[in-house]
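The block underneath contains the structure these notes are about, expressed in structure tokens.
Ligands are counted one by one from 1 in listed order, and the atoms in each one are counted from 1 as well. FYI, side chains are in, hydrogens and waters are out, and symmetry mates aren't considered; it's all heavy atoms of this structure. This is a predicted model, so every value here is computed, not measured.
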Amino acid sequence: MADNKRVCCQPERGLVLRDVTLMAGSTCVLWGASLTVPLSGMTLLSGRNGAGKSTLLRAMLGLIPLQAGEILTHGLSPAQARQHIGYMPQSVTDAALLLPAVSHVRVAVDGVRWGLPLRLRSRREEADRLLALTGASAFAYRPLGLLSGGERQRVGLAQALAGKPDLLLLDEPLAALDQAGQERTVRLLRDLTENLGIGIVLTSHETEALSGAVTRVVQLADGGLHVRV
Ligand SMILES: Nc1ncnc2c1ncn2[C@@H]1O[C@H](COP(=O)(O)OP(=O)(O)O)[C@@H](O)[C@H]1O
Ligand SMILES: [Mg+2]
């Protein structure tokens, strides 16, 4: 009955957690947590190191199962929602560091969406467009492992934008950046939210660099979530 109701009605916009219990290994990061929050603009997911921010982003993508409860993003389950989400993880695996930056973006352009794959030429053009958008064209053909932290962040952002997502989940996009790099990234993120209408959820400890740019803060603490506007 509840499922029928959901199909018939307008899906709830934003992020909804209902009685979510979530474990990372043997650590409980959420315990019966509920939350309803819009996802327009920029949402900062804050909390101390080890609070469970990265784990929650992965659960929103269905990469980690919940122990109890449900997560809906714009009315969709994590498995459905990830078709519409671009994700930039906190780190990449060592093997991936050998590939040129542009390969990461081309693979992502082919990506996670259903439908006919793009022609090789279109895929290359789209990857180049995304690398230009994030200011990463100059080092696109160097192995990812030889790039600085800031350069890798720009490649990661280009990769997350592949597939034209409605929502970006960015895990520590300002880490490893100097002040100028942080300001440039925050300008780019503002541009994505204000001009392209892409919602952004990001984790960061760089509250000063983000001041004025963030629409709302969701605090993860003691197994619960609290919204501050
Ligand atoms: N795969 C895992 N196995 C065991 N423990 C994990 C795993 N991933 C994360 N943890 C632990 O879960 C807690 C939350 O981690 P994380 O989500 O990375 O926190 P945050 O991103 O807020 O720093 C930490 O105590 C971390 O050590
Ligand atoms: Mg983290």
Please check: side-chain N/O of E151 versus main-chain N/O of S148, any donor-acceptor pairing under 3.5 Å? yes
Quick note, side chain to side chain donor-acceptor pair (under 3.5 Å) partners involving residues 23-36, not counting sequence neighbours, are D19-S34
Can you name the salt bridge (charged side-chain N to carboxylate O under 4.0 Å, His left out) partners of E183, sequence neighbours left out? none
Distance flag for atom 3 (N) of ligand 1, protein heavy atom under 4.0 Å: yes
Who's the nearest protein heavy-atom neighbour of atom 1 (N) of ligand 1, and how far? G25 N, 4.7 Å
Hey, is CG on D222 packed in by over 12 heavy atoms from elsewhere, all under 6.0 Å? no
In ligand 1, the atoms that come under 4.0 Å of a heavy atom of A51 are 19 (O), 22 (O)
Which count of protein N, O or S atoms is obtained for distances strictly below 2.8 Å from the Mg ion (ligand 2)? 2
Going by the atom numbers of ligand 1, which of them fall below 4.0 Å from some non-hydrogen atom of N49? 23 (O)
Answer yes if a protein heavy atom lies under 4.0 Å from atom 6 (C) of ligand 1, otherwise answer no. yes
What protein heavy atom sits nearest atom 12 (O) of ligand 1, and how far off is it? A24 CB, 3.2 Å
R142: what forms a salt bridge (charged side-chain N to carboxylate O under 4.0 Å, His left out) with it, not counting sequence neighbours? none
Closer than 4.0 angstrom: is that true for some heavy atom of G52 and an atom of ligand 1? yes
among protein heavy atoms, the one nearest atom 23 (O) of ligand 1 is G50 N, 2.8 Å
Please confirm whether R48 approaches ligand 1 to less than 4.0 Å, judged on its heavy atoms. yes
Per-atom contact, atom 20 (P) of ligand 1, protein heavy atoms, under 4.0 angstrom: yes
Is the shortest N/O to N/O distance between Q90 and ligand 1 below 3.5 Å? no
Less than 4.5 Å apart, any side-chain heavy atom of E172 and any of Q153? no
Residues E194, R187: salt bridge by 4.0 Å N-O rule: no
Main-chain N/O of G47 paired with K53 side-chain donor or acceptor, under 3.5 Å: yes
To which protein heavy atom is atom 18 (O) of ligand 1 closest, and what is the distance rounded to 0.1 Å? S54 CB, 3.8 Å
Would you say that H84 contacts H74 through its side chain, given a criterion of any heavy-atom pair below 4.5 Å between the two side chains? no
So is there a nitrogen or oxygen of K53 less than 3.5 Å from a nitrogen or oxygen in ligand 1? yes
Side chains of L202 and T43: closer than 4.5 Å at any heavy-atom pair? no
The closest protein heavy-atom partner of atom 15 (O) of ligand 1 is T55 OG1, 3.8 Å
